[in-house]
Each structure stands twice: as structure tokens, then as C-alpha cells.
Amino acid sequence: MLRFTDTLTGDKTEFVPRNAGRVSIYACGPTVYDVPHVGHARSALTYDVLRRYLRWRGFEVSLVQNITDIDDKIIKRAAERGTTEPDIARIYEADYDHEMTRLGVEPPDHRPHATEYVAEMVAFVDELMATGMAYVVEGNGVYFRASKLADYGALAHRSADELREGAGARVEIDERKEDPLDFVLWKAAKPGEPTWPSPWGPGRPGWHIECVAMSLDILGESFDIHGGGDDLAFPHHENERAEAVGAGKSFARYWVHNAMVNVDGEKMSKSLGNFTTLGTLLDNYDPRALRLLVLQTHYRKSMEINGPALDQALRGLERLDALARRMPDVDATGAVDAATAQTFADDVDDDLATPSGVALIFETARRANAALDSSNRALAASLVATVHALCGAFGLALEAGATETDAEIDALIAARQAARGARDFAEADRLRDEITALGIVVEDTPSGPIWRRA
RNA sequence: GCGUCGGUGCCCGAGUGGCCAAAGGGAGCGGCCUGCAAAGCCGUUGCGAAAGCUUCGUGGGUUCAAAUCCCACCCGGCGCUCCA
């Protein structure tokens, strides 16, 4: 039975999709004003894994991830660089794409841009105006009237009054609002900023109303899962929900939030300056090591991503690759071990418990190696196929190794074999040192030596 | 301050009433395999020869039984209006 922890209820609840066999997911994407960092990677990997896993479980999955390509930060960055907002957005969206590709994150089924949905957003705000859920502050824009929504604060698990008490704890309250909880839906134009026409004068979109417009347009009302980083739960998602519910629409049926990446115990963020850019990390590590590391921690638990942690994950990954290398002709298309696959599904179904799934993968790999050691090739083939398949369910592709040939290396290996045959082990070891110096690892197996790049 | 999530063995990290001295990964140690390696497998890493004893932030409590439930406290993450 599939279950997820729903942020709205705070409970782990059975997941029943809107339409049997089909799952619709809206995952909050980046605001493209800077390069992606490791925290973005965790989020992206979480929803990539969720989608792939659900697909592996037989669901047809539709994933929407937006690109927010107009907002304050983009405007600020464009001004700093002396360029235009579309330029900034284009540059960093391309960068995001590039890193996601390297990470092995599949492109979403739909990737709407905020700037493509301005007309829909205006129409949405208009609806809210018509029902009294919103009001105009002359010269500032249109605000959502939070007091009109009975359960504003539901995602934050706070009552409106509690929220009012806490309001201003970190950010100054805009005194022009009727209520501290009200938030802007449409921002009136300021000089030099990009604007779009509206019934309330030229301006631009406010609090992530693009997510509401796009999710409802593409996925429809009552779509299944709305996901994102848990720093978005309030106010970002709270406000989205308010906008949708305020307009009388059924919004997301389940809210899923992934936890943050920490650095020395603190959240990785731009403002703290403690971030590792994703590009730098991927230049130095196998992207699969990052995926495995993320899979080994439950998505709702904050985690550290640093060199030592990645090194550990890399070592584990090497074990799996080594197994794949032992049976290079077996892949995920082979007959999988049904009992293992069932256990895997039972485990992971419980709130996307990928750490349990990974544990089972390693357990299966161990059994496969043991079967190979005792020459039980039929069992081994089934287990290796299972390892490939389960890794595949998490988007982890194992590398069965070098299919490449290299005349120089082949010659050295042949020479070493000849020396070994002649029991001239001093010469054999010298040749192996020479090969090692080229960055190659040689492994002797019952069927002869194999090599790979270290 | 309020809300929320968490504090587990050498490290990372699962585990939410008994099957737990506690998955899996990493690291260490011993063994097997190998000419030697690598890879792999087996065992082992709280105390004890064993029966057993003591462990899962701290202190209480509930229960026949608690890492798991309740209360208090300490510590940490995140959020409290434009951060994934």
C-alpha cells in the first residue's frame, strides 16, 4: 500500500490517486537567477526518484515542473549585470538544464514558464477580485485577503491568529495591507521593471500565482501531489493553496516536502554563502554517487552532503558496478527475482522509503556475488538482473565497464599475462605497476583479466 | 516566543510496542580465494567464555514487554511573507 506523509494533515496516509493507475505531480522548480546548488539537486532528485519509482510500480506519471523566470531576484540580477531579465532567465535555465542532465534527472513532462502564463494569472486574480477574496492597494497592486479563507495557515499548522502573532519576526510587515497575513497577487509596475497589462494597471505576478495557474491548467483540479523543498511549505505553498481554494478550486490532494541539505548543521543557502554549486560537485564526483547518497537518506530528513559523505557513497556505488562487471551480459531486462522485487515494493511504498530499498539492493548484490562465487550462474543472473531493475527504479544506472579497447593497454595486459604464465611474477608486477600508472585497474578473474579506468 | 521535524553503534544512516544489541553503506580486524593483488565471500567491531548484563540525547512514567508510547528537560535543523 502506497503511503505518503502529507504536510497538510501531518500524517502518513494512504495514497489513492485521482484516477486509478495515473499520478499527476507538480514539483516546484527553480527561480532562475543564479546557478543551481546542491540543495536544488536534492529536491530534483527526490521528485525524479518519486516519479521513476511510481512508474516502476506501474503508474502512468505526469510530472510538471515550472521555471519561474520573472521575480524580484531576476530583476535585481539583471540590473546588476546591466542586462535584461529574459537574458538572466535564459542563462540560468540553460545552466539548470545542463546540471540536471548530468545528474540523470529526466526532463519533466511539462515545463511551463511563468512568463507564458501571465494572462492566466491575470484572469485568476480577476476571479479573486470578483469574489472579494482580493483587494487593490492603489499604486501597489492586488492583495489576497487572507482573513477570508477559513483555514489560512493549514500547511504551516498554525491558526491565522498565531500567524499574526509571529508575523514580522523576520521580515518587516508592509503597513499598506489590511492584515499582516495578506500577500500580494499582482505587483504594480515600478520604473524600469518588466510589466504586463492588467485591469489594475501594468504590473507583474505576485506570490507564486504562476504555480497555481500552471498546475491547474496542465494537471487540472485535484491533481495528486504537490512537492517541493520544505522551506516552501510556508508561505510559498500556503499562499498557492490560499489562491486556489479562495477561487473555489480543488488543489493538490497530497503535499510532499523534502528536507534541506545542511552544511555543518546549517541549511545550505545563498544568503549564508555556504553553498556548493552543483556544477562544481558534478565536476568532481560521479553524479550517481550523489544520487545514491540522497537515496540512502530518507527524503524528509535533513542531511549533509560533503566530500566524505560522497566518498562513502562512491565506494558503495563501486560495489554495485563491480557486480555488474561480473555479469556484463545481464541487465534489467533479465528475469528478476519476484520475491525480492515484492519486498522492495513493500518497503519503498511506505513513504518513499528509499533507504530500505537501497539496503535491499545491497543485500541482493551480496547474494548475487555469493551465487557467482559458488558458480550458481542461473541464480546469479536472476539476482543481477534484479539489482539492475531495482537500481533502475531509482534512476541509478550501473556501469558494467569498459567496452572500449585500447591497443596500448591491451598490449601491456597481454605481456603481463605472458609473464604470469612463465611464472615471472616480478615482471608481471612491474607491468601491473605500469598499467596502474596509466590510471587503469586490472582484475584477474577466472575467465582472464579485465580492466577499467580507476 | 510559536509551529514543525529530529537527536541511534567508530562514521553515515534505517528502524515508531515484542521477530532489536538494532537493516544497509563506509571504515577497522580475522579468515577464505589469489603467485601477490584487486574484486568477492564468511566471521567480527558495548561488556562477558557462557548464562546473562548494560545500550538508541537526559530524567521520570505507562506496559508482561519501549530505540519505538506519555510527560518534563537539554541540544539541533527548518519555517514564521518572494530560499529547493
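These values consider heavy atoms only, across backbone and side chains, with no hydrogens, waters or symmetry-generated copies.
- With pairs defined as Watson-Crick or G-U wobble and both atom distances under 3.5 Å, the stems of at least three pairs that touch RNA chain B come out as B:1-7 with B:74-80, B:10-12 with B:24-26, B:27-32 with B:40-45, B:57-61 with B:69-73.
- Nearest-nucleotide positions on RNA chain B for A322(A) and F183(A) put A322(A) closer to the 5' end.
- Ring stacking is absent between F234(A) and rG79(B), as the pair misses the limits of under 5.5 Å between centres and under 30 degrees between planes.
- For rC83(B) and rC71(B), the P atoms lie 35 Å apart once the distance is rounded to whole Å.
- Contact annotation for L181(A): base contact, defined as any heavy-atom pair under 4.0 Å involving a base atom.
- Within the 4.0 angstrom heavy-atom criterion, base atoms lie near D72(A).
- Applying the 4.0 Å criterion to OP1 and OP2 of rC41(B), one finds that N369(A) has a side-chain N or O inside that range.
- Taking 4.0 Å as the cut-off between side-chain N and carboxylate O, D34(A) and K73(A) do not count as a salt-bridged pair.
- Residue contacts for A156(A): at a heavy-atom cut-off of 4.0 Å it reaches the sugar-phosphate backbone alone, with no base atom in range.
- Of the side-chain N and O atoms in R319(A), one or more sit less than 4.0 angstrom from OP1 or OP2 of rG40(B).
- If you run ring pair (Phe, Tyr, Trp, His ring centres under 6.0 Å) between H236(A) and each of H257(A), H208(A), H226(A), only H208(A) comes through.
- Using P as the reference atom, rA50(B) and rA21(B) are 16 Å apart when rounded to the nearest Å.
- Looking at D151(A) and R241(A), a side-chain N of the basic residue comes within less than 4.0 Å of a carboxylate O on the acidic one, giving a salt bridge.
- Within 4.0 Å of D311(A), counting heavy atoms only, lies no atom of the nucleic acid at all.
- For K12(A) and D6(A), the salt-bridge test fails: no basic side-chain N is under 4.0 Å from an acidic carboxylate O.
- At a cut-off of 3.5 angstrom, counting only N and O atoms as typed in the model, there is a donor on one side and an acceptor on the other between the side-chain of Q312(A) and the base of rG25(B).
- Comparing L360(A) and A428(A), the nucleotide of RNA chain B nearest to each residue sits closer to the 5' end for L360(A).
- At a threshold of 4.0 angstrom between heavy atoms, the contacts of G228(A) are confined to the sugar-phosphate backbone, with no base atom among them.
- The shortest distance between the side-chain N/O atoms of K267(A) and the OP1/OP2 oxygens of rG79(B) is below 4.0 Å.
- Between R452(A) and E443(A) a salt bridge is recorded (basic side-chain N to carboxylate O distance below 4.0 Å).
- Below 30°, between 30° and 60°, or above 60°: for F223(A) and Y26(A) the angle between ring planes is between 30° and 60°, a tilted geometry.
- At rG35(B), none of the side-chain N or O atoms of R420(A) fall inside 4.0 Å of OP1 or OP2 (strictly under the cut-off).
- Among residues two or more places apart in sequence or in another chain, the side-chain hydrogen bond (donor to acceptor under 3.5 Å, both in side chains) test is passed with E14(A) by none.
- R288(A) has a carboxylate O that lies under 4.0 Å from a charged side-chain N of E399(A), or vice versa, which qualifies the two as a salt bridge.
- Taking only side-chain nitrogens and oxygens, H208(A) comes nearer than 4.0 Å to OP1 or OP2 of rC83(B).
- Between H40(A) and rA84(B) there is a side-chain polar atom (N or O) within less than 4.0 angstrom of OP1 or OP2.
- Using a 4.0 Å heavy-atom cutoff across all strands shown, R416(A) reaches at least one base atom of the nucleic acid.
- When the side-chain nitrogen and oxygen atoms of K12(A) are compared with OP1 and OP2 of rU16(B), none of them lie within a distance under 4.0 Å.
- Residue-level contact check: R315(A) touches the backbone only, with heavy atoms under 4.0 Å from sugar-phosphate atoms and none from bases.
- At a threshold of 4.0 angstrom between heavy atoms, the contacts of R432(A) include nucleobase atoms, whether or not backbone atoms are also involved.
- F425(A) comes within contact range of at least one nucleobase, with a heavy-atom separation under 4.0 Å.
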